[in-house]
Every structure is written in C-alpha cells, then in structure tokens.
Amino acid sequence: MNEELSPGSAAHVVELIARLRAAHPDAHCALDYETPVQLLVATILSAQCTDERVNLTTPALFARYPTVEALAAAEPLEIEELVRPTGFYHQKTRYIRESAARLLAAYGGEVPPAMDELLTLPGVARKTANVVRGEVFGLADGITVDTHVKRLAARLGLTAETDPVKVERDLMAIIPRDSWIEIAHLLIWHGRRVCTARKPACPDCPLNDVCPSAAGQQAVEQ
DNA sequence: ATCCCGAGGG
DNA sequence: CCCTCTGGAT
C-alpha cells in the first residue's frame, strides 16, 4: 500500500477512479432493456442474481408483457414461471405487478424521476432507485451499493461499515458527486472481472499498490 | 458451501 | 439489529 495515499482521502479517490477508468473503459449498466419500465423490472429481478441470468429471462417476459399495463394485469403464476430462474420469484413477481400498478395509478404509467417517488414503489429501495435514476435520467441522489460495491469499498478501505445504507453514506462523503454514477459501474465491473468475492486477482489488479487489502503487497514495502 | 447489480418485515 | 425469500453457477 502506497503510504502517501491514505484510504478514503481525496487523492486516493482520484487515483482509484483514474485507474478504474483505464482498466474498464467499457463499464456500463449490463442489464438489457428497451424502456425505463423494463429497466425497473430488470433491476428488481437482479436482486441476488447475476445480470447475465436476468438477461436470459427478461426477453420472454417483455415479449409476453410489453407494456406497463400488461405487467400490472398479468397472471401472477405466469410471471412466476417466467422469472423463476432469477430466484425469489414469488416476491419479485409481486413487486413487478404492484410496482406496475402503482406506476399506472400515480405516475401515468411512467417511471418517475424523483428518488422519493421511486422509493414508494414496492420492491424498490435505494439500490434499485439509484440504478434506475442514474441510467434513465442521468441523475444521482446517491450511489448504487450492490454486493460488488459493498465488497470493494470495504477492501479498498473506503468504509468500515457493512450496512449498505451506511456504506453509501460513506462513499457519498468522499466521492465527488459528478462521479457517483460512474464509480458504481467501475466498481461493479472491477468486482466481476478482478476483485471477485472468492478469489480476488490481486497480482493482476491495477489497484494493488493503493489497496490496503492487496494480498502479498504489504510485505514488499516493509 | 458460497455467491450473484436486495428488499421487507420482525 | 436480525431473519426470510429462491435458483443457478462455481
């Protein structure tokens, strides 16, 4: 670990973002969708499921129910059958139908742009709201904290918290607001490709000299 | 056995 | 704070 860059300092954050940009210039939302409502549905389905698997299930779902009206009126058992491979299928089906119904009842069938409005949708909390707001409207009232962002923030020494809401608050305090949307994509991409949960590839990581958790780096500096 | 772009309820 | 909800991949 480079001793001149204390974890969480402004200089550390600047360095992290620059290196992650260079390593993952293609980082972007990996969920497939055509409309804001479809992104909302795909993001609800992404809970505790790989986006790859979500993308394998949504084409049939969106073909069967192309509109928010169709989703709201869908037979629960039919949606359950289509989304079962994503896990939590009973709850996710209810969230999809009830959120679609609420979009129709309160927002003219459109996805609202305000954070507090998104949070009134069943099955939508800060993670899902941050994803949808950032992707659809380019707006950020917060930072998407999924399992990757949470894990990497901890390993990089950017937070000592484990509760995602507290992790998000810590990140918001040290990351410039104009990087809030980008940093989540970068950390997610890096988490999938390099800093994986089970076997992080520290020797191949472009952050290993600015990461307090990098395996086998500290001894060299002594 | 652990992990994946979590949320709601107790 | 805790727990439950779920399936597929590794």
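Throughout, a chain's letter reflects where its sequence line sits, starting with A, and its residues are numbered from 1.
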For A:Ala30, which contact category applies under a 4.0 Å heavy-atom criterion: base, sugar-phosphate, or nothing?
base

Please state the C1' separation for the pair C:dG7 and B:dG9 - nearest whole angstrom.
22 Å

Distance test, side-chain N/O of A:Lys150 to OP1/OP2 of B:dC3, below 4.0 Å:
no

On a whole-Å scale, what distance lies between the P atoms belonging to C:dT4 and B:dA1?
16 Å

Base, sugar-phosphate, or nothing for A:Val145, non-hydrogen atoms under 4.0 angstrom?
nothing

Are A:Thr128 and B:dA7 close enough that a side-chain N or O sits under 4.0 Å from OP1 or OP2?
yes

Would you classify A:Ser46 as touching base, sugar-phosphate or nothing, given that sugar-phosphate means primed atoms plus P, OP1 and OP2, and contacts are heavy atoms under 4.0 Å?
sugar-phosphate

Say whether A:Arg193 and A:His24, considering side chains only, have a donor N or O and an acceptor N or O under 3.5 Å apart.
yes

Base, sugar-phosphate, or nothing: which does A:Arg94 touch, judged by heavy atoms less than 4.0 Å apart?
nothing

Applying ring pair (Phe, Tyr, Trp, His ring centres under 6.0 Å) to A:His28 and not counting sequence neighbours gives A:Trp189

Take A:Arg151 and A:Ala125, find for each the nucleotide of DNA chain B with the closest heavy atom, and name the residue whose nucleotide sits nearer the 5' end.
A:Arg151

Pairwise C1' distance for C:dA9 and B:dA7, with rounding to whole Å:
23 Å

Side chains of A:Glu168 and A:Asn130 only: does a donor on one sit below 3.5 Å from an acceptor on the other?
yes

N/O donor to acceptor pairs below 3.5 angstrom from side-chain atoms of residues 41-49 of chain A, sequence neighbours left out:
unit_1	atom_1	unit_2	atom_2	d
A:Thr43	OG1	A:Leu39	O	2.7
A:Ser46	OG	A:Thr43	O	2.7
A:Ser46	OG	A:Lys127	NZ	3.1

Is it the case that A:Tyr33 and A:Glu135 place a side-chain donor and acceptor less than 3.5 Å from each other?
yes

Pair A:Asp170, A:Thr159: side-chain N/O donor-acceptor within cut-off below 3.5 Å:
yes

Quote, to the nearest angstrom, the C1' distance that separates C:dG8 from B:dG8.
24 Å

Tell me, for nucleotides 2-10 of chain C in 5' to 3' order, what letter each nucleotide earns: B for a base near a protein heavy atom under 4.0 Å, S for only sugar-phosphate near one, - for neither?
---BBBSSB

So what does A:Pro164 hit on the nucleic acid, given a heavy-atom distance under 4.0 Å: a base, only sugar-phosphate, or nothing?
nothing

On a whole-Å scale, what distance lies between the P atoms belonging to C:dC3 and B:dC5?
24 Å

